[in-house]
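See below for the structure under consideration.
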Amino acid sequence: MNNQPIKTLLVDDEYLALQLLDNFIQKIPDLQIIDKVKSPIKALEILNKQEIDLLFLDIQMPSISGMNLLKTLRNPPVTIFTTAYKDYAIEAFDQNAIDYLLKPFSFERFVQAVNKAKEQLHRQEGIPASAEMSGKSFFPVKVDGKVIKIHFEDILFIEGLREYVRIVCESGKYVTLESLKNLEDFLPNPQFIRVHKSFIVAKSKVTALDGNQLELSGHKIPISRSKRDEVVEMIFYK
């Protein structure tokens, strides 16, 4: 983070849970607690007023759940869920959470989650705000220790795999630590479209529509029911 502290917000309706997070964070010098709140409504006020890099978020809270809170954010921070309930893990990763800490968790497990968050934040620093703003025809990704150029024109589709993404190109397939949401914000809007919670496709590479699936280069990509009409219009009629 360019040697700047990682601005952190703690949200949990249990006082002891907030204190535990506070105690753990005090042992990690580059994390800075901006606030710790028990109310999700208060958390929304903070998130809408100032930049937060890292969010520790409980799930079951009064007024609004942590999951629904995250869904309301247009550009959410890197998020680590902290909860006593294991049932929400899949949904949490669908929302691009970087990790899911099941209470009670150890300091060692906490550090693992923080290290994931740090890596994600460092990656975000290296990506321009958008491809259109940067004027580049490619972007770099780290795959198996190598930095590889991914050219936009080579991409067929991108699939979200929890905290990873699979970038399927005409020239090959690449799996890298990244969130689908970050790539969606970065990719050139005219060329790509999010068609499902787990898929972004290159519009020009789509060859056919078969029911609720798009066909491209031998692959079939599902379309979300709620997005179907919009997706069909954007790909086939514009």
To the nearest 0.5 Å, what is the distance between CD1 (Ile33) and CG (Leu31)?
8.0 Å
Donor-acceptor pair between Arg228 and Asn212 side chains, under 3.5 angstrom
yes
Does a sphere of radius 6.0 Å around NZ in Lys71 hold more than 12 heavy atoms from other residues, nucleotides or ligands, not counting ones at 6.0 Å or beyond?
yes
Under the side-chain contact (heavy atoms from CB on, under 4.5 Å) criterion, do Lys118 and Ile6 qualify, and how do the steps go?
CA-CA 8 Å; Lys118 287 181 179 180; Ile6 296 171; 3.8 Å; yes
Just so I know, are the side chains of Ile34 and Thr8 near enough to count as touching, which here means a heavy-atom distance under 4.5 Å?
no
Starting at NZ of Lys220, measure out to CG of Leu209 and round the result to the nearest 0.5 Å.
10.5 Å
Look at the rings of Phe138 and His151 and say which category their plane angle falls in: under 30° parallel, 30 to 60° tilted, over 60° perpendicular.
tilted
Under a 4.5 Å cut-off applied to non-hydrogen side-chain atoms, are Asp22 and Gln26 in contact?
yes
Is Ile221 reachable from Ile235 through a run of hydrophobic residues whose side-chain heavy atoms are each under 4.5 Å from the next?
yes
Should the heavy atoms of other residues, nucleotides or ligands under 6.0 Å from CD of Glu153 be counted, would the total exceed 12?
no
The single option from Leu47, Leu57, Leu54, Asp53 passing side chain to side chain contact (heavy atoms under 4.5 Å, CB included) against Pro77
Leu47
Polar side-chain atom of Ser39 near backbone of Ile41 as donor-acceptor pair, under 3.5 Å
yes
Quick check: are there more than 12 heavy atoms from other residues, nucleotides or ligands sitting under 6.0 Å from CG of Leu102?
yes
Using a 4.5 Å cut-off on heavy atoms from C-beta on, say whether the side chain of Ile167 contacts that of Val141.
yes
Taking the side chain as C-beta and beyond, is there a heavy-atom pair between Leu55 and Val11 under 4.5 Å?
yes
Pick out which of Thr83, Asp12, Thr82 makes a side-chain hydrogen bond (donor to acceptor under 3.5 Å, both in side chains) with Lys103.
Asp12
If you apply the rule side-chain contact (heavy atoms from CB on, under 4.5 Å), what do you find for Arg194 with Leu180, and how did you get there?
CA-CA 9 Å; Arg194 180 84 165 257; Leu180 198 64; 3.6 Å; yes
Can you tell me how far apart CZ (Phe56) and CG (Asp99) are? Round to the nearest 0.5 Å.
9.5 Å
Is there a side-chain contact between Phe157 and Val195 (heavy atoms, below 4.5 Å)?
no
Single-linkage hydrophobic cluster, 4.5 Å side-chain cutoff, Leu216 and Ile158 together
no
Under 3.5 Å, is there a donor-acceptor pair between the Gln50 and Lys7 side chains?
no
Smallest separation among heavy atoms of Phe236 and Ala208, with atom names:
CZ-C, 3.8 Å
Tell me the closest heavy-atom pair linking Pro40 and Ser63, and the distance in Å.
CG-CB, 4.4 Å
May I ask you to say whether Glu14 pairs ionically with Lys38, meaning some side-chain N is under 4.0 Å from a carboxylate O?
no
Pair Phe105-Tyr100, ring-ring contact (aromatic ring centres under 6.0 Å, His included): steps then yes or no
CA-CA 10 Å; Phe105 48 85; Tyr100 190 91; over 10 Å; no
Passing candidate, side chain to side chain contact (heavy atoms under 4.5 Å, CB included) with Ile98, options Leu121, Asn115, Ile80:
Ile80
If you measure from OG on Ser217 to CG on Leu156, what distance do you get to the nearest 0.5 Å?
4.5 Å
Tell me, please, which residues at least two apart from Tyr85 pass side chain to side chain donor-acceptor pair (under 3.5 Å).
Gln60
Measure the OG1-CD distance between Thr207 and Glu215 for me, rounded to the nearest 0.5 Å.
5.5 Å
Answer yes or no: is there a side-chain heavy-atom contact under 4.5 Å between Phe110 and Ile25?
yes
Distance-minimising heavy-atom pair for Ala117 and Val78
CB-CG1, 3.8 Å
Distance under 6.0 Å and angle within 45° of the ring axis: does Lys27 meet both against Phe107?
yes
Taking the six-membered ring for Trp, are Phe152 and Phe139 ring centroids under 6.0 Å apart?
yes
Trace of the side-chain contact (heavy atoms from CB on, under 4.5 Å) decision for Lys227 with His196:
CA-CA 7 Å; Lys227 289 178 174 285; His196 184 275; 6.0 Å; no
Please lay out, stage by stage, how Gln112 and Lys116 fare under the test side-chain contact (heavy atoms from CB on, under 4.5 Å).
CA-CA 6 Å; Gln112 288 177 7; Lys116 281 186 183 180; over 6 Å; no
What distance separates Lys205 NZ from His219 NE2, expressed to the nearest 0.5 Å?
11.0 Å
With the 4.5 Å side-chain cut-off for hydrophobic clustering, are Leu10 and Ile52 part of the same group?
no
Under 3.5 Å: donor-acceptor pair, side chain of Asp58, backbone of Phe81
no
Centroid separation under 6.0 Å, is that true for the rings of Tyr174 and Tyr164?
no
Please check this pair: side chain of Asn68 against backbone of Ile64, looking for a donor-acceptor N/O pair closer than 3.5 Å.
no
Same cluster for Ile193 and Leu214 if Ile/Leu/Val/Met/Phe/Trp/Tyr side chains link at under 4.5 Å?
yes
In terms of heavy-atom contacts, Ala43 and Leu9 come closest through O-CD2, 4.1 Å
Within-4.5 Å side-chain heavy-atom neighbours: Glu45 and Lys42
yes
Can you check whether Lys203 reaches Val231 side chain to side chain, under 4.5 Å on heavy atoms?
no
Do Leu18 and Leu69 sit in the same hydrophobic cluster, where Ile, Leu, Val, Met, Phe, Trp and Tyr count as joined when their side-chain heavy atoms come under 4.5 Å apart?
no
